[in-house]
Amino acid sequence: MYGMRMSEAFVPTLREVPAEAEIVSHQLALRAGLLRRSSAGVYTHLPLGYRTLKKIMQIIREELDAIGAQELMLPIVQPAELWRASGRWDAYGAEMFRLKDRHDREYCLGPTHEEIITALVGAEVDSYRQLPLSLYQIQNKYRDEIRPRFGVIRGREFIMKDAYSFDRDPEGLNETYERFFRAYQRIFARCGLTVHAVEADSGAIGGSHTHEFMVLAEVGEDRIVHCPQCGYAANVEKAVAVPTPWPVTASGGQAEAVATPGVRTIDELEAFLGVPANRMIKTLFYLADGEPVAALVRGDRELNEVKLATALGATRLEMAPPERIEELTGAPVGFSGPVGLSGVRIVADHEVVGALDAVAGANAADAHLIHLDWGRDFAADVACDLRTAVPGDTCPSCREAALEGASGIEVGQVFQLGTKYSEALGARFKDAEGKEQPIWMGCYGIGVTRTMAAIIEQHHDDDGIIWPVTVAPYQAIVVPIKATDADQMEAAKKVYEQLWTAGIDAVLDDRDERPGVKFKDADLIGFPVRITVGPKALAEGRVEVRWRDNRREERPLLSEVVGVVQAGLRERARF
RNA sequence: CGGAGUGUAGCGCAGCUUGGUAGCGCGCCACGUUCGGGACGUGGAGGUCCGGGGUUCAAAUCCCCGCACUCCGACCA
């Protein structure tokens with residue numbers, strides 16, 4: 001038996017922290033020899049890292065196969081015409097990697113695969129008898145991220161599992177969605193992750209009902225809010241923002257213009273006038289499908305573009321360029337307000353309805369208006385929920401407790417797409433009455449490479465990674481203290497072979513290094529268990545079994561090692 | 001895309017202000033002494049100083065133009 005020896009393994013560990021890595025999971029992935037960067041946001045997965053990825057993928061396969069999903073492999077290179085058909089060739093924008101072939105035909109590197117799979121299923125499925133159907137693949141995805149960061153957490157090339165479901169009707173879609181939801185909970189649990197499923201926004205992909213699976217982590221890029229009382233949890237982009245009452249209850253008298261030379265931002269205005277931001281009206285100009293719109297939110301609030309787009313029923317929403325703002329208001333950017341605006345639809349957040357003694361731009365250079373009252377001085381065409389929720393808001397679900405905030409890494413998302421893609425791409429079937437119907441679709445993603453990073457983020461200490469046994473590249477490492485000692489090496493090899501025979505992934509550290517070096521590497525890489533073969537214990541026919549997570553050590557007889565290791569691993573792999 | 005910064009040996013960095021032909025630590029190779037938590041000594045290998053142009057007798061160093069990478073921001077008026 002030969003197997004895996006550290007003396008020959010391609011595991012380039014690093015003693016020092018590479019300058020390129022900011023967050024702990026990225027640093028450890030580089031130091032432990034899992035990853036190397038090739039270019040911005042593009043990574044090579046070294047043998048050890050790839051083993052972990054394969055274990056994650058295997059868990060995903062087992063759980064998805066168990067709910068009847070079938071694996072297939074879709075193309076990375078996808079024709080533009082398909083994306084034009086769904087309207088996303090333009091909608092996806094700069095984030096899409098585009099290329100042309102020698103005949104000048106346009107393609108993209110798939111950022112996702114709804115178009116391809118819908119076209120496929122549309123072509124092959126004709127009858128309700130062929131539904132429901134769930135298909136998935138594990139594949140490289142390409143997104144030219146505006147700013148790749150955090151190593152593999154936001155890469156431009158990454159591995160994703162994406163699944164697509166096809167049902168006859170909304171009820172079927174609901175059932176499928178629930179099945180995937182539960183499968184996801186099992187997948188992440190088996191990966192050793194604590195995840196929170198939160199209500200999310202469906203964004204550019206379209207669709208209605210959707211949840212994100214979040215790994216809570218300081219470095220997470222997504223902000224979520226959750227209710228400690230009723231369990232409501234949502235991405236801040238999606239969370240319904242319960243309005244708080246306007247801070248003052250009396251009019252300030254007649255509206256009045258004040259000179260505010262060069263004061264353009266809310267912060268500057270707050271300092272200049274001594275009025276708190278929550279009494280200001282922030283006026284933002286957008287083009288909704290080309291039509292100008294003014295959106296009003298309280299000065300200290302953040303406008304949520306998705307909510308605005310939904311409120312307007314707009315498919316394309318972009319900020320108005322500064323020239324356009326000047327045209328509409330007659331004033332430079334920074335002095336816009338709702339008073340006297342014409343030719344623009346005005347949409348207000350609930351919170352500004354009923355505002356009294358408010359401050360806003362005067363639509364004239366270097367001037368603002370004070371003492372503004374809702375109804376008397378300005379109004380809106382529509383009032384709705386426009387702002388991004390924040391921690392401290394009243395829970396929109398139970399209306400009792402205050403929401404708490406957290407940040408998370410999104411490792412998975414489940415969507416109910418409905419018929420958006422099936423209609424755009426003509427994926428129809430004949431129902432039992434022979435009537436043509438669009439297929440009801442769902443899609444379900446898991447960021448595989450990101451999941452690996454999230455696991456490290458959740459499982460490490462000062463010495464290195466602490467792999468959950470289910471995803472550890474190897475479960476055990478056998479370390480003879482002195483590689484040149486024949487007795488130790490012989491005993492170590494025997495233990496190592498027994499572990500293999502018992503089906504345990506093991507590595508033999510046969511390097512002629514000082515013990516400290518080998519221990520440090522073992523801790524850094526994060527093998528769940530280390531079996532040390534040293535002179536002291538060996539004299540009594542024993543070895544040392546040391547667990548990485550709690551640093552506990554036992555000293556079984558040579559004949560008992562496999563049983564002890566097996567028992568410990570099994571205990572740690574339970575759910 | 002805007003702002004800031006960095007690019008010198010495999011990795012982490014100094015040298016640049018004040019121009020004179022490149023250095024430190026770790027790693028790597030050889031030998032010796034060591035050997036239970038990243039040993040020590042001796043000897044050694046390894047560099048288009050990101051690229052291109054310019055100034056100069058002379059450029060890692062000064063100037064110009066590119067490129068790459070990192071961080072911050074990109075609705076927050």
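A, B, ... follow the sequence lines: proteins, then strands. Residue 1 opens every chain.
- Using a 4.0 Å heavy-atom distance criterion, A:D267 is classed as making no nucleic acid contact.
- The partner of B:rA68, taking Watson-Crick or G-U wobble pairs whose two distances both stay under 3.5 Å, is B:rU6.
- Salt bridge status for A:R301 with A:D349: absent, with no side-chain N to carboxylate O gap under 4.0 Å.
- Taking 4.0 Å as the cut-off between side-chain N and carboxylate O, A:E106 and A:R98 do not count as a salt-bridged pair.
- Nearest to the side chain of A:R546, among B:rC75, B:rC71, B:rG37, sits B:rG37.
- In the model, A:T210 has a side-chain atom that pairs as donor or acceptor with a side-chain atom of A:Q413 under 3.5 Å.
- With both ends at atom C1', the span from B:rU21 to B:rC40 equals 35 Å, rounded to whole Å.
- Applying the 4.0 Å criterion to OP1 and OP2 of B:rC40, one finds that A:R514 has every side-chain N and O outside that range.
- When the C1' atom is used for both B:rG7 and B:rG47, the distance is 14 Å, rounded to whole Å.
- Between A:D521 and A:R15 there is no salt bridge, since no side-chain nitrogen of the basic residue lies less than 4.0 Å from a carboxylate oxygen of the acidic one.
- Residue A:R147 places at least one side-chain N or O closer than 4.0 Å to OP1 or OP2 of B:rC72.
- Base pairing of B:rU42: its partner is B:rA30, meeting the Watson-Crick or G-U wobble criterion (both donor-acceptor distances under 3.5 Å).
- Residue A:R387 is out of contact with every strand shown, counting any heavy-atom pair closer than 4.0 Å.
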Would A:N235 and A:E212 count as a side-chain hydrogen bond (donor to acceptor under 3.5 Å, both in side chains) if you check the C-alpha gap in whole Å, the side-chain angles of each, and the deciding distance to 0.1 Å?
CA-CA 8 Å; A:N235 194 310; A:E212 287 170 346; 2.8 Å; yes
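- As judged by a 4.0 angstrom heavy-atom cut-off over every strand, A:K518 is placed among residues making no nucleic acid contact.
- Side-chain N/O atoms of A:E544 and base N/O atoms of B:rG36 include a donor-acceptor pair closer than 3.5 Å.
- Rounded to whole Å, the P atom of B:rC26 lies 29 Å from the corresponding atom of B:rU61.
- Residue A:R15 has no polar side-chain atom (N or O) positioned under 4.0 Å from OP1 or OP2 of B:rG38.
- Of the side-chain N and O atoms in A:R31, none sit less than 4.0 angstrom from OP1 or OP2 of B:rC11.
- For A:S336 and B:rA77, the shortest distance from a side-chain N or O to OP1 or OP2 is not below 4.0 Å.
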